[in-house]
Peer 1: 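Here it is, the structure in full.
Atoms within a ligand are numbered from 1 in the order they appear, just like the ligands themselves.
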Amino acid sequence: MGICNSKPSPKPNLFAPKDELIEENNTIKQPSSSPIIQKKEQLEEETKKKKKDEEVGKRSPFFPFYSPSPAHYLFSKKSPAPSSNSTTPRRFFKRPFPPPSPAKHIRAVLARRHGSVKPNEAAIPEGSDGEHVAGLDKSFGFLKNFGSKYELGEEVGRGHFGYTCAAKFKKGDLKGQQVAVKVIPKAKMTTAIAIEDVRREVKILRALTGHDNLVQFYDAYEDPENVYIVMELCEGGELLDRILSRGGKYSEDDAKAVMIQILNVVAFCHLQGVVHRDLKPENFLFTSKDENSQLKAIDFGLSDFVKPDERLNDIVGSAYYVAPEVLHRSYSTEADVWSIGVIAYILLCGSRPFWARTESGIFRAVLKADPSFDEPPWPSLSSEGKDFVKRLLNKDPRKRMTAAQALSHPWIRNYSDVKVPLDILIFKLMKTYMRSSSLRKAALRALSKTLTVDELFYSKEQFSLLEPNKGGSINLENIRTALMKNATDAMKESRIHEFLPSLNALQYRRMDFEEFCAAALSVHQLEALERWEQHARCAYEIFEKEGNRAIIIEELASELGLSPSVPVHAVLHDWIRHTDGKLSFLGFVKLLHGVSSRNIAKAQ
Ligand SMILES: Nc1ncnc2c1ncn2[C@@H]1O[C@H](COP(=O)(O)OP(=O)(O)OP(=O)(O)O)[C@@H](O)[C@H]1O
Ligand SMILES: [Ca+2]
Ligand SMILES: [Ca+2]
């Protein structure tokens, strides 16, 4: 192993069109004025004004991180009034200026969830008491005695769906102990989707709670007016506030410490089959004001369960953090990793990678523009740091690192003793591998032999998490044990059911590390590397010696499982070398990618 070991060189940086990404307006810097509190209509007004100002050559006076929806700040009791000193110091520092990201979710989603505008979905009007809307069942089966157990205190935060208060236990052993309570008014739940979202938020919190970097969930209550989600109180404020209080930038080491915690919890969620869908600095809270305080993921309000082969299609999230494939309506857990890439980019340079004044402008940038790595401070940052961010922000989800892979990236793993968690991806890859033809397995094996020691770090970690026997091999039982060990109680059954059947062949035989490297190898990810061509050439040489054999077109077609409708001679003509009837380099690379009648038909 370790035949190809050239280093990747940085990718060329293409700038976003100037009218979309206006750098000078996209940097986190200290505010020059009191908070700008904008309602949506106000904002549209101001955006228009801004455009006009620019047309006449004036520089916009607005703070760079403009927020199209400031509901959070509008209603926060603690938000400092303009030029007022009467607020608490925390608040003063907390919100001296608008947030660097739109707290709001993508407009269409909000509209749908709140039932305002969706042409083909009957929006049910709110009842006069804001609670009983015809046909909607707003009972959740949660506990009913919230008021007798807790005493609500001051508000600590607010979002689009509810507000969060500190609260205390009224009696019992825990009397006086503080918790946080997210209060979601039932009056706001005006569609079945909105109700289902709350149900799912609680279900997911309940299923996932227990991870160090996930807010501890205690219980959910309801009364005729509200749903109450009781959880641990995080007193250190949002990650967003820390970014702002540092003037927007983190040192590489400080950014790593934050990234490790974010990646850890997200890898965990993905392993459990949950995609968060709203990762942004507002949704990570510090437990205390301490510099080294632990970070916790919150707000699973847009999260969903996703099965291994399933693609989700609803456009959900917050504009600056939304992944391109979400906008294309076909996505899975990789979309969260993109959002982490956006957070990493912001942490390291203080600007957003995709910026525009309008939501559609942001979407265009996300789909088309490459973020800049040329402007300060990027030239002075480590090449590993840049490589890390670029691999999170790959527009092709198949080529993007997973959260567990990101924890294995040299930029992170050399920082401290990071424990790499079990990666959902290896189960997906192994599943595909087990279904592949013997010819493809041989090709993958050849490719895996070209991996460098560095590139094998991740596979080694994953393999050891599957706890091989003394002989260094795994079977179905090892995989079952690892899944059981890593799944939460709520998820055990579903995860086992989702993965084990496809790996059934390992009931009767074992898999050693060498084969595991081939099985758990993502050709798409390797293809994203600068040195892909080299890997492929080296692998072909190995394949020539170890796996290549003369094959006739019909046999190849049946190995590939092509349907009889595919004109095999026309399609596979170049896949076979005419001199000796063995697989050509082209055929080899195609085989590595795996083919199906469908993508062959598409390529025609
Ligand atoms: N456990 C907690 N401890 C302290 N503060 C919290 C806690 N949970 C939430 N908050 C505060 O309340 C705010 C709103 O909570 P959350 O994000 O869950 O609400 P939301 O209505 O779903 O928001 P969004 O508009 O982002 O969807 C958070 O940004 C945070 O400042
Ligand atoms: Ca939130
Ligand atoms: Ca939310």
Side-chain angles (χ1 to χ4, degrees), residues 40 67-79 90-91 93-95 99-107 109-110 113-114 150 152-168 177-189 193-194 196-202 204-205 208-209 213-220 226-244 265 275-289 293-304 316-322 339 343:
K40 190 169 147 254
S67 163
S69 172
H72 191 124
Y73 312 97
L74 254 180
F75 300 115
S76 177
K77 280 185 207 152
K78 287 180 169 179
S79 290
R90 177 172 167 253
R91 264 300 149 173
F93 288 114
K94 191 170 158 66
R95 299 288 176 206
S101 57
K104 92 181 182 77
H105 302 109
I106 293 164
R107 197 179 301 138
V109 174
L110 275 182
R113 282 168 201 269
H114 293 305
Y150 299 96
L152 271 185
E154 63 173 359
E155 187 177 309
V156 293
R158 189 171 273 264
H160 288 90
F161 303 99
Y163 54 95
T164 309
C165 296
K168 277 185 187 151
Q177 191 181 306
Q178 286 227 309
V179 291
V181 179
K182 177 167 170 176
V183 185
I184 309 172
K186 288 188 175 176
K188 280 198 166 189
M189 304 172 197
I193 293 177
E196 196 45 44
D197 281 350
V198 176
R199 226 182 274 283
R200 208 174 43 238
E201 176 168 4
V202 171
I204 288 177
L205 271 172
L208 297 188
T209 194
N213 297 114
L214 206 148
V215 71
Q216 179 75 36
F217 167 81
Y218 296 134
D219 225 325
N226 300 307
V227 162
Y228 306 89
I229 303 177
V230 184
M231 54 193 151
E232 80 178 289
L233 179 66
C234 302
E235 296 182 276
E238 297 171 10
L239 171 60
L240 176 61
D241 299 318
R242 298 241 174 148
I243 298 175
L244 293 173
V265 63
V275 51
H276 186 285
R277 303 203 293 187
D278 199 17
L279 297 176
K280 53 185 178 181
E282 296 91 315
N283 282 342
F284 287 95
L285 302 183
F286 288 97
T287 46
S288 75
K289 298 219 168 57
S293 155
Q294 208 169 31
L295 197 58
K296 305 264 180 176
I298 60 157
D299 193 359
F300 287 77
L302 294 181
S303 304
D304 206 350
V316 161
S318 300
Y320 290 129
Y321 302 89
V322 77
S339 309
I343 300 174

Peer 1: Would you mind listing which atoms of ligand 1 come within a distance below 4.0 Å of any non-hydrogen atom of E238?
Peer 2: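 By the 4.0 Å cutoff, the relevant atoms are 28 (C), 29 (O), 30 (C), 31 (O).
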
Peer 1: Quick check: do C234 and F284 have side-chain heavy atoms less than 4.5 Å from each other?
Peer 2: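 Not touching, per the 4.5 Å side-chain cut-off.
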
Peer 1: Show me which atoms of ligand 1 lie under 4.0 Å from any heavy atom of G162.
Peer 2: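 Near G162, the atoms of ligand 1 are 21 (O).
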
Peer 1: Can any side-chain N or O of N283 pair as donor or acceptor with the backbone N or O of K280 at less than 3.5 Å?
Peer 2: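 Answer holds: no.
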
Peer 1: Enter the distance from E232:CD to K296:NZ here, rounded to the nearest 0.5 Å.
Peer 2: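 E232 atom CD to K296 atom NZ measures 4.0 Å (nearest 0.5 Å).
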
Peer 1: So which bit of L302 gets within less than 4.0 Å of ligand 1, heavy atoms only: side chain, backbone, both or neither?
Peer 2: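 Answer for L302: neither.
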
Peer 1: What are the atoms of ligand 1, with element, lying closer than 4.0 Å to any heavy atom of V215?
Peer 2: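 Answer, ordered by atom number: 1 (N).
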
Peer 1: Considering all heavy atoms of both residues, which atom of D278 and which atom of G317 are nearest to each other, and what is their separation?
Peer 2: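 So the two residues come closest at OD1-C, 4.0 Å.
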
Peer 1: Using a heavy-atom cut-off of under 4.0 Å, does the side chain or the backbone of N283 touch ligand 1, or both, or neither?
Peer 2: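 Answer for N283: side chain.
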
Peer 1: May I ask you to identify, for A180, whether its side chain, its backbone, both or neither come under 4.0 Å of ligand 1 on a heavy-atom basis?
Peer 2: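 The answer is the side chain.
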
Peer 1: With a heavy-atom distance limit of 4.0 Å, tell me whether K182 approaches ligand 1 through its side chain, its backbone, both, or neither.
Peer 2: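 It is the side chain that gets close, since no backbone atom is under 4.0 Å.
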
Peer 1: Looking only at heavy atoms, which two atoms of F161 and K188 are closest? And how far apart?
Peer 2: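 Closest approach of F161 to K188: O-CD, 3.9 Å.
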
Peer 1: Quick one: closest heavy-atom pair of N213 and V265, and the distance?
Peer 2: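 N213 and V265 have their closest heavy atoms at O-CG2, 3.4 Å.
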
Peer 1: For atom 7 (C) of ligand 1, which candidate among I298, I229, L285 provides the closest heavy atom?
Peer 2: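 Of the listed residues, L285 has the closest heavy atom.
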
Peer 1: Ignoring angles and geometry beyond distance, decide whether E232 reaches within less than 3.5 Å of ligand 1 through its nitrogen or oxygen atoms.
Peer 2: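 Indeed, backbone or side chain, E232 has an N or O that close.
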
Peer 1: Counting distance only, does the side-chain N/O of T287 pair as donor-acceptor with the main-chain N or O of S293 below 3.5 Å?
Peer 2: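 A pair under 3.5 Å: no.
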
Peer 1: Judging by distance only, is a nitrogen or oxygen of H160 under 3.5 angstrom from one on ligand 1?
Peer 2: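 Yes: some nitrogen or oxygen of H160 is under 3.5 Å from one in ligand 1.
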
Peer 1: Looking at every heavy atom in both H276 and S303, which two are closest together, and how far apart are they?
Peer 2: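 In this case the closest contact between H276 and S303 is O-OG, 3.1 Å.
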
Peer 1: Where does R158 meet ligand 1, judged by heavy-atom distances below 4.0 Å: at the side chain, the backbone, both, or neither?
Peer 2: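 For R158, the contact with ligand 1 is made by the backbone alone.
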
Peer 1: Tell me whether C234 has any N or O atom under 3.5 angstrom from an N or O of ligand 1.
Peer 2: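 Yes, there is a polar N/O contact under 3.5 Å.
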
Peer 1: I need the minimum non-hydrogen distance between E235 and K289, along with the two atoms involved.
Peer 2: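 Reported closest heavy-atom pair: O-NZ, 3.4 Å.
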
Peer 1: Please report the number of protein N, O or S atoms that lie less than 3.0 Å from the Ca ion (ligand 3).
Peer 2: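 Considering protein N, O and S only, the Ca ion (ligand 3) has 2 within range.
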
Peer 1: When rounded to the nearest 0.5 angstrom, what distance separates CG in L285 from CD in Q294?
Peer 2: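 L285 CG to Q294 CD: 12.0 Å, rounded to 0.5 Å.
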
Peer 1: Who passes salt bridge (Lys or Arg N to Asp or Glu O under 4.0 Å) against K182, sequence neighbours left out?
Peer 2: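 Listed in chain order: E201, D299.
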
Peer 1: If you round to the nearest 0.5 Å, how far is CE of M231 from CG of D219?
Peer 2: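 If I round to the nearest 0.5 Å, the distance is 12.5 Å.
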
Peer 1: I need the single residue from T164, V202, V183 that forms a side-chain contact (heavy atoms from CB on, under 4.5 Å) with I229. Which is it?
Peer 2: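 Of the listed options, the one satisfying the test is V202.
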
Peer 1: Numbering the atoms of ligand 1 from 1, which are under 4.0 Å from a heavy atom of F161?
Peer 2: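 In order of number, 21 (O), 22 (O), 27 (O).
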
Peer 1: Can you name the atoms of ligand 1, numbered from 1 with element, that are less than 4.0 Å from a heavy atom of E282?
Peer 2: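 Reading through ligand 1 atom by atom, the close ones are 29 (O).
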
Peer 1: Indicate, as side chain, backbone, both or neither, the part of M231 found under 4.0 angstrom from ligand 1 when only non-hydrogen atoms are considered.
Peer 2: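 Within the 4.0 Å criterion, M231 contacts ligand 1 through side-chain atoms alone.
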
Peer 1: Taking only heavy atoms of K280, which atoms of ligand 1 are found under 4.0 Å from at least one of them?
Peer 2: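 Reading through ligand 1 atom by atom, the close ones are 26 (O).
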
Peer 1: Testing the basics here: between K186 and N226, what is the closest heavy-atom pair and its distance to 0.1 Å?
Peer 2: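 Looking at all heavy atoms of both residues, the shortest contact is CE-O, 3.9 Å.
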
